[in-house]
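Here is the structure we will look at, set down as structure tokens.
Just so it is clear, the values below take in all heavy atoms, side chains as well, and ignore hydrogens, waters and symmetry mates.
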Amino acid sequence: CIMFKELNLKTKIYLISIYLLALLLVIFSFKKYGFNINASLSEIILFCILKVISESLQVYFSNMSISTGFTITLASMVIFNPVFAIIVITSGVAFRIITNDSKCYHIFNTPAYKTLFNISLMNICLILSAQVYELVGGKYGNIDIKYMILPIIIFGIVFYMLNWTLLCLLIHFWLNTKLSTVIAQNMKMGFLSIICMIPLGMIIIEAYKAYGYIGVLVIFGPIMLARYSFVMYSNMKKAYVDTVKALSLAIEAKDKYTEGHSMRVFEYAEKIARNMKYSEEHIENLRIASLLHDIGKIGIPEAILNKPGRLSEDEYAVIKQHPVIGANIIKDVDALKKSQKIVRWHHERYDGKGYPDGIGGDDIPLDAYIISIADAFDAMCSDRPYRKAMTKSQAVNIIKDERGKQFHPKVADVFLDILKSEGDK
């Protein structure tokens, strides 16, 4: 774990600012609402335990985590008041036990600055969102929830936007990553997850009003079922990606000269897509296509794939069939249909002189051009049976020369900018 003293100056200043803002807002809340939270000790303990459990059972998907803990935050605030919710949030975040990648994280093995940041972040989001909730007519206590639906929805949206913005700023300062790029990643998925949690929070509120503790405990079961659905979806996506990676490794096992090629194309294509402001879902589809772009080589004889020296015209004609073979392999797989055209056309050229169909320009999707330039660059920089690898500067010069001919000009410009920023001149 990185210690606080090892962080860069911008990150330290940002963290300290978050701590101070949270402290001021907590003081403000206690002054505004007082220490009377209209709850018994058993109610405090119940909601704190439920918050700890829900925060401990986060689901990790892609680059984000999904938690059902927002339902408890929402119910705590509306049933009682923001001060009660502050106590619940602080307890839940401080004492949660998170398992990720077979590692267990808790308050005793997590740096104090991280735990303090998470507590501060959640309290800032709660308190500021509560003020907006009140401005749009939100009330606390024994409310008629049908009149509070709009304020509750607004509370949830504001809470999410604040949470996401503050986290993006942390990542921006910590990793020195472009802020716009950080904001774009997984925003849609996070927004949809919290929208799904709002109705469940409302159900907890109604259950508590009608049945007290028992009602909350009964409803908490289905909330954990919702969490299980997230787990199943996450596991399914992971299994899907792992299967695609296994297929790409099977392809490379036939061709000893392309070991690691698909993963490098994957990485280049992802960088290009992010710089072109693709959505996370779009990037995920491009990742899959990049891993599968050479799947058709399964149908090419190894004697041709691994032939030392240049291929004859007839042998090259056989090689040129691998995009068609690949597209045919995946055409009947529903999950891979978006990749079919990319696989078929990743050797087409912008000027229409590529293969297998000899088309170009706008008739080819931009995704195929992205895979094409990533594929070509890695091929140029790798050893082949008939030649040694080029230097990166030589490959860059070829991309410049072939801009608007072999490569789509827009994609070429983006990729050249990436290589320049990484020092590959």
*asked:* Determine whether a donor-acceptor pair (N or O, by modelled atom type, separation under 3.5 Å) exists between the side chain of K341 and the backbone of P365.
replied: no

Tightest non-hydrogen contact, residues P323 and P356, listed as CB-CD, 4.2 Å

Between the OG atom in S339 and the NZ atom in K337, the distance rounded to the nearest 0.5 Å is 12.5 Å

I152 vs I145, side chain to side chain contact (heavy atoms under 4.5 Å, CB included): CA-CA, chis, key distance, verdict | CA-CA 9 Å; I152 286 173; I145 200 165; 4.1 Å; yes

To the nearest 0.5 Å, atom CD1 of I127 lies from atom CG of L25 at 5.0 Å

Query raised in the report: Are Y140 and E134 close enough that a side-chain donor and a side-chain acceptor fall under 3.5 Å?
Result: yes

**Report entry** Donor-acceptor contact present, side-chain T110 to main-chain I107, <3.5 Å
**Finding:** no

4.5 Å side-chain heavy-atom contact, F266 and M263
yes

Discussion item. Between H261 and D375, is there a side-chain heavy-atom distance shorter than 4.5 Å?
Written reply: yes

- Query: L15 and L170: side chain to side chain contact (heavy atoms under 4.5 Å, CB included), yes or no, with the steps?
  - Reply: CA-CA 8 Å; L15 289 174; L170 174 64; 3.9 Å; yes

- Item | NZ/NE/NH1/NH2 to OD/OE distance under 4.0 Å, R274 and E270 | yes

### Message
Could you check whether any side-chain heavy atom of Y14 comes within less than 4.5 Å of a side-chain heavy atom of L166, counting everything from C-beta outward?
### Response
yes

Whether Y133 and F155 hold their rings parallel, tilted or perpendicular, with breakpoints at 30° and 60°
perpendicular

Can you confirm if the aromatic rings of Y350 and F407 lie within a centre distance of less than 6.0 Å? no

| said: Between the side chains of E402 and R349, is the shortest nitrogen-to-carboxylate-oxygen separation below 4.0 Å, so that they form an ion pair? | reply: yes

On a heavy-atom basis, the closest approach of V265 and S290 is CG1-CB, 4.1 Å

Student check: side-chain heavy atoms of Y208 and F47 closer than 4.5 Å:
yes

Under 6.0 Å from the NZ atom of K32, do we count more than 12 heavy atoms belonging to anything else shown? yes

- With no hydrogens and no angle check, is any side-chain donor or acceptor of N8 less than 3.5 Å from a backbone partner on F173? yes

- [ ] Starting from the C-alpha separation in whole Å, work towards a yes-or-no answer on side chain to side chain contact (heavy atoms under 4.5 Å, CB included) for F28 and Q131.
- [x] CA-CA 11 Å; F28 160 80; Q131 306 316 302; 3.8 Å; yes

OH (Y268) and CD1 (I371) are apart, to the nearest 0.5 Å, by 13.0 Å

- Got a donor-acceptor contact below 3.5 angstrom from the N109 side chain to the C104 backbone? yes

Task: N/O donor-acceptor pair under 3.5 Å between E206 side chain and I203 backbone - done: no

- Query: Taking S129 for the side chain and L126 for the main chain, is one N or O donor matched with an acceptor at less than 3.5 Å?
  - Reply: no

Rounded to the nearest 0.5 Å, the CD1 atom of I364 sits from the NE2 atom of H346 at a distance of 12.0 Å

Tightest non-hydrogen contact, residues I304 and E315, listed as CG2-O, 4.0 Å

Okay, side chain of E348, backbone of I359: is any donor-acceptor separation there less than 3.5 Å?
-> yes

F95, CZ atom: more than 12 neighbouring heavy atoms under 6.0 Å: no

Check your understanding: Is V343 close to Q340 at the side-chain level, that is, under 4.5 Å between some pair of heavy atoms?
Key -> no

- Query: Does a side-chain heavy-atom distance below 4.5 Å link H347 with S372?
  - Reply: no

Which side-chain N or O atoms in residues 80-92 pair as donor and acceptor under 3.5 Å with protein atoms at least two apart or in another chain?
from	atom 1	to	atom 2	distance (Å)
N81	OD1	V83	N	3.0
N81	OD1	F84	N	3.0
T90	OG1	I86	O	2.8
T90	OG1	N123	ND2	3.3
S91	OG	I87	O	2.9

All heavy atoms of I98 vs all of E55, minimum pair found to be CG1-O, 3.9 Å

| message | If you count every heavy atom of other residues, nucleotides or ligands that lies below 6.0 Å from D363 atom CG, does the total exceed 12? | response | yes

| query | Hey, does the side chain of T165 reach the backbone of M161 with a donor-acceptor pair shorter than 3.5 angstrom? | reply | yes

Closest heavy-atom pair, I124 versus I18, reported as atoms and distance to 0.1 Å, is CD1-O, 3.6 Å

Practice item. Report yes or no: does D378 contribute a side-chain atom to a donor-acceptor pair with the main-chain N or O of A374 at less than 3.5 Å? Key: no

Rounding to 0.5 Å, atoms CE (M197) and CE (M202) come to a distance of 13.0 Å

Review point. Is any side-chain heavy atom of I373 less than 4.5 Å from a side-chain heavy atom of F377?
Key: no

Mind checking whether I370 and M276 have side chains closer than 4.5 Å, heavy atoms only? yes

Residues at least two apart in sequence or cross-chain that pass side-chain hydrogen bond (donor to acceptor under 3.5 Å, both in side chains) with K338, listed by chain then number, are none

Worksheet item: How are the rings of W174 and Y113 set to each other: parallel, tilted or perpendicular (split at 30° and 60°)?
Response: tilted

Does the plane of the ring in H322 sit parallel, tilted or perpendicular to the ring in Y355? Use 30° and 60° as the thresholds.
perpendicular

Correct closest heavy-atom pair for I219 and A207 would be CG1-CB, 3.4 Å

- Query: Charged N to carboxylate O below 4.0 Å: is that the case for K410 and D413?
  - Reply: no

Quiz item: Salt bridge or not for E267 and R264, using N-O below 4.0 Å?
Solution: no

Next item on the list: List the steps, then state whether side chain to side chain contact (heavy atoms under 4.5 Å, CB included) holds for R96 with I53.
Entry: CA-CA 7 Å; R96 66 187 180 185; I53 293 171; over 6 Å; no

Interatomic distance, OG@S76 vs CD1@I72, rounded to 0.5 Å, equals 6.5 Å

